[in-house]
Amino acid sequence: LTAGNADQALTPVIQGPNSPYQRAWYPILPEYPPQVKLFIDGRFVESKSSEWLDIHNPATNEVVARVPKATQEEMLAAVDSCSRTFRSWSETSILARQQIFLRYQQLIKDNIKELAKSITLEQGKTLADAEGDVFRGLQVVEHTCSITSLMLGETLPSLTKDMDTHTYRLPIGVCAGITPFNFPAMIPLWMFPMGMVCGNTYLLKPSERVPSCAMLLAKMLQDAGAPDGTLNVIHGQHAAVNFICDHPAIKAISFVGSNQAGEYIYERGCKNGKRVQSNMGAKNHGVVMPDANKENTLNQLVGAAFGAAGQRCMALSTAILVGEARSWLPELVERAKMLRVNAGDQPGADVGPLISPQAKQRVCSLIQSGVDEGAKLLLDGRAVKVKGYENGNFVGPTIISGVTPEMKCYTEEIFGPVLVVLEADTLDDAISLVNNNPYGNGTAIFTTNGATARKYTHEVDVGQVGVNVPIPVPLPMFSFTGSRGSFRGDTNFYGKQGIQFYTQIKTVTTQWKAEDATVKSPAVTMPTMGR
Ligand code: NAD
């Protein structure tokens with residue numbers, strides 16, 4: 001491999017804007033593949049680790065970069081930098097912190113295409129979807145710019161004579177984030193901007209499979225004016241995760257990823273006295289009522305099941321066809337067949353590759369398990385061939401019908417472009433199917449009947465519900481409220497709950513006796529309030 005190979009994979013199609021960040025995520029280095037740096041105390045540094053992992057372009061399986069497993073010494077340096085900086089950062093005025101994030105959101109906006117390119121190269125999703133990934137994270141950054149309202153405390157005056165009580169929200173210290181491979185921009189942006197704008201310093205460990213977008217985001221944050229040491233980035237796998245769970249300076253952990261890792265991190269972090277919020281796996285059901293708008297519903301089901309190759313925690317991976325809606329199945333299959341499977345940087349691509357050959361193998365074996373257990377394979381994407389990308393991890397849209405709740409393809413999160421279809425006679429039957437599933441991330445109902453929608457939204461035990469909205473991920477003025485098996489913790493990501501997670505409340509009760517008041521000389525200049 002030469003450095004040219006990585007470029008060839010993208011340059012025929014992707015023309016970047018004249019951005020200072022163009023290709024900044026892989027600095028021009030004489031050696032190939034490029035080595036992803038650590039970000040410690042405001043410097044992008046080469047790791048001294050002897051252990052490195054290859055990063056592959058999922059469309060070709062070529063190695064495009066290498067990422068280190070940070071050494072113990074490097075991880076300690078990163079957390080020490082966070083600890084040292086906490087005092088000054090937490091005392092930086094809230095208006096100054098707000099200004100940094102105002103600049104940051106503009107920098108992200110200006111460089112959205114560059115960020116998307118790095119995502120497509122390492123994660124595989126289509127460029128349009130990669131821009132969506134950045135955009136949803138950007139919305140959280142925009143929301144952090146309202147911190148001056150979000151962090152307001154409460155006041156109750158005149159509790160008794162001359163006595164008032166008020167509360168402050170204060171940062172908690174060093175916070176850490178551990179992120180998955182499927183949203184290289186959005187999920188890191190759920191974490192460190194919220195944590196930092198509240199006055200915490202932040203240690204980020206991005207997914208080792210897609211680290212470059214996080215590095216680009218770190219560079220932009222530095223360029224927006226974030227002081228050295230406010231954000232540190234380390235790389236690695238289990239050792240880095242254990243380090244975060246155990247280091248006493250780290251007060252809170254935000255995790256997004258699989259149940260296996262999420263349950264483990266929740267337990268280990270909590271045992272060490274940390275706050276932990278853990279967003280995990282899912283099995284999201286779309287309930288299709290016979291009175292639904294057929295055209296919209298079929299399009300939405302197809303988009304939400306197969307978009308991002310099904311590698312979304314909110315993918316609508318399970319359809320429940322109620323009553324007469326069963327007869328829509330052949331049309332659903334026809335629409336799914338129309339999707340174009342291709343490398344994410346190719347024009348017109350709808351479905352990109354899966355993250356790794358192992359992921360492809362796992363998805364294919366779960367499809368086979370459905371067949372072996374008696375389900376019907378109406379559309380089989382396992383043999384899909386993509387011209388020019390024969391080595392990529394592609395699986396085409398796949399639909400399995402006649403699925404029942406005990407089948408493995410139903411009990412396991414597939415995390416691929418596979419829609420499993422169940423049937424129900426009534427709305428009550430559909431609700432009980434969904435409520436018997438252990439996950440509670442998201443669900444949607446498709447109907448034109450308001451009463452049906454209301455009954456569903458009230459009775460279904462899932463944290464995020466869409467009515468004719470297939471992927472109901474809330475905007476950041478709300479919170480991401482996955483529930484049951486999809487979440488561990490007390491306070492959710494972003495929105496009001498995000499602020500609560502990253503702050504502690506101090507309650508102050510004061511008594512200033514009226515008879516002690518003195519009169520001061522008046523100030524005549526406009527107060528600048530710390531700016
Ligand atoms: P993953 O759990 O394999 O990896 C997530 C992070 O945990 C990575 O940084 C990884 O280094 C670390 N990790 C992995 N295995 C670990 C282990 N055994 N012990 C300790 N740390 C470990 O997840 P992934 O494959 O990157 O992401 C896909 C999963 O994430 C899916 O299950 C998906 O549903 C879930 N997800 C959930 C949400 C949500 O908001 N609920 C959002 C996106 C993704």
Side-chain angles (χ1 to χ4, degrees), residues 51 53 55 58 67-70 122-125 133 136-137 140 176-191 203-211 213-214 233-246 253-269 276-284 308-318 354-356 358-360 362-363 366 393 412-416 438-443 462-464 471-474 476 479-489 492-495 497-498:
E51 290 183 89
L53 301 162
I55 301 169
V67 65
K69 292 188 187 176
E122 292 185 355
Q123 202 274 351
K125 63 177 73 174
D133 182 338
R136 290 307 300 257
V140 179
I178 301 168
T179 63
F181 80 83
N182 65 332
F183 282 98
M186 179 183 82
I187 292 178
L189 291 174
W190 283 2
M191 296 179 179
L203 181 67
L204 180 69
K205 192 210 83 67
S207 166
E208 66 279 14
R209 294 188 274 188
V210 293
C213 181
V233 186
I234 58 171
H235 302 294
Q237 292 176 308
H238 300 72
V241 167
N242 287 342
F243 176 86
I244 288 171
C245 291
D246 295 346
I253 303 173
S254 296
F255 169 83
V256 179
S258 64
N259 281 65
Q260 194 194 5
E263 303 274 6
Y264 170 80
I265 290 167
Y266 182 76
E267 270 191 31
R268 189 157 174 160
V276 185
Q277 54 178 187
S278 192
N279 265 9
M280 304 180 295
K283 199 82 182 173
N284 307 310
Q311 296 179 122
R312 287 180 182 139
C313 66
M314 288 289 278
L316 217 47
S317 55
T318 308
L354 295 173
I355 186 70
S356 64
Q358 295 77 11
K360 175 173 172 169
R362 185 178 165 276
V363 167
L366 281 166
N393 314 315
E412 290 209 13
E413 182 184 35
I414 300 180
F415 225 56
Y439 293 110
N441 217 32
T443 185
V462 172
Q464 303 177 106
I471 302 188
V473 175
S479 299
F480 190 101
T481 54
S483 64
R484 295 199 282 137
S486 300
F487 180 70
R488 288 280 172 276
N492 294 110
F493 281 82
Y494 62 79
Q497 296 206 31

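For ligands, and for the atoms within them, numbers begin at 1 and follow the listed sequence. Residues: numbered from 1 along the sequence shown.
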Heavy-atom pairs closer than 4.0 Å: do any link ligand 1 to the side chain of [X], the backbone, both, or neither?
X      : answer
Phe493 : neither
Met314 : neither
Ile355 : neither

Could you tell me whether the side chain of [X] and the main chain of [Y] form a donor-acceptor pair under 3.5 Å?
X      : Y      : result
Tyr494 : Pro474 : yes
Ser486 : Met280 : no
Asn279 : Phe493 : no
Ser483 : Gly440 : yes
Thr481 : Gln464 : no
Asn284 : Ala315 : yes
Thr179 : Pro188 : no
Ser254 : Gln277 : no

So is [X] polar-close to ligand 1, meaning N/O to N/O under 3.5 Å?
X      : answer
Lys205 : yes
Ser207 : no
Trp190 : no
Glu413 : yes
Asn279 : yes
Gly257 : yes
Val256 : no

I'd like the name of whichever of [options] reaches closest to [atom] through any heavy atom.
atom                    : options                        : value
atom 2 (O) of ligand 1  : Ser278, Gly236, Ser258         : Ser258
atom 25 (O) of ligand 1 : Lys283, Glu208, Arg209         : Arg209
atom 21 (N) of ligand 1 : Val241, Asn182, Asn492, Thr179 : Val241

Exercise. Under a heavy-atom criterion of less than 4.0 Å, does Phe255 contact ligand 1?
Worked result: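 Checking ligand 1 against Phe255, which is what was asked, there is a heavy-atom contact under 4.0 Å.
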Exercise. Looking at ligand 1, does Ile187 have a heavy atom less than 4.0 Å from it?
Worked result: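 A heavy atom of Ile187 does come that close to ligand 1.
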Which ligand 1 atoms are under 4.0 Å away from a heavy-atom of [X]?
X      : answer
Met280 : 34 (O), 37 (C), 38 (C), 39 (C), 41 (N)
Gly281 : 32 (O), 34 (O)
Phe415 : 28 (C), 31 (C), 33 (C), 34 (O)
Ile178 : 6 (C), 7 (O), 9 (O)
Phe480 : 40 (O)

Among all the protein's non-hydrogen atoms, which is closest to [atom], and how far away is it?
atom                    : result
atom 26 (O) of ligand 1 : Phe181 N, 3.0 Å
atom 36 (N) of ligand 1 : Cys313 CB, 3.5 Å
atom 4 (O) of ligand 1  : Pro180 CA, 4.5 Å
atom 14 (C) of ligand 1 : Ala261 CB, 4.0 Å

Problem set entry | atom 18 (N) of ligand 1: any protein heavy atom closer than 4.0 Å |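 Given the 4.0 Å limit, the answer for atom 18 (N) of ligand 1 is yes, a protein heavy atom qualifies.
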Heavy atoms, side chains only, cut-off 4.5 Å: are [X] and [Y] in contact?
X      : Y      : value
Leu354 : Arg362 : no
Asn182 : Val210 : no
Met314 : Pro472 : yes
Val256 : Met191 : yes

For this session: May I ask you to decide if the ring planes of Phe480 and Trp190 are parallel, tilted or perpendicular, using 30° and 60° as cut-offs?
Result: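 Tilted, since the angle between the ring planes falls between 30° and 60°.
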Exercise. With a cut-off of under 6.0 Å to the ring centre and 45° to the axis, is Lys125 in cation-pi contact with Phe183?
Worked result: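 Relative to the ring axis of Phe183, which defines the angle, Lys125 lies inside both limits.
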Exercise. Once you round to the nearest 0.5 Å, how far does CG of Asn441 lie from CZ of Arg484?
Worked result: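 Asn441 atom CG to Arg484 atom CZ measures 10.5 Å (nearest 0.5 Å).
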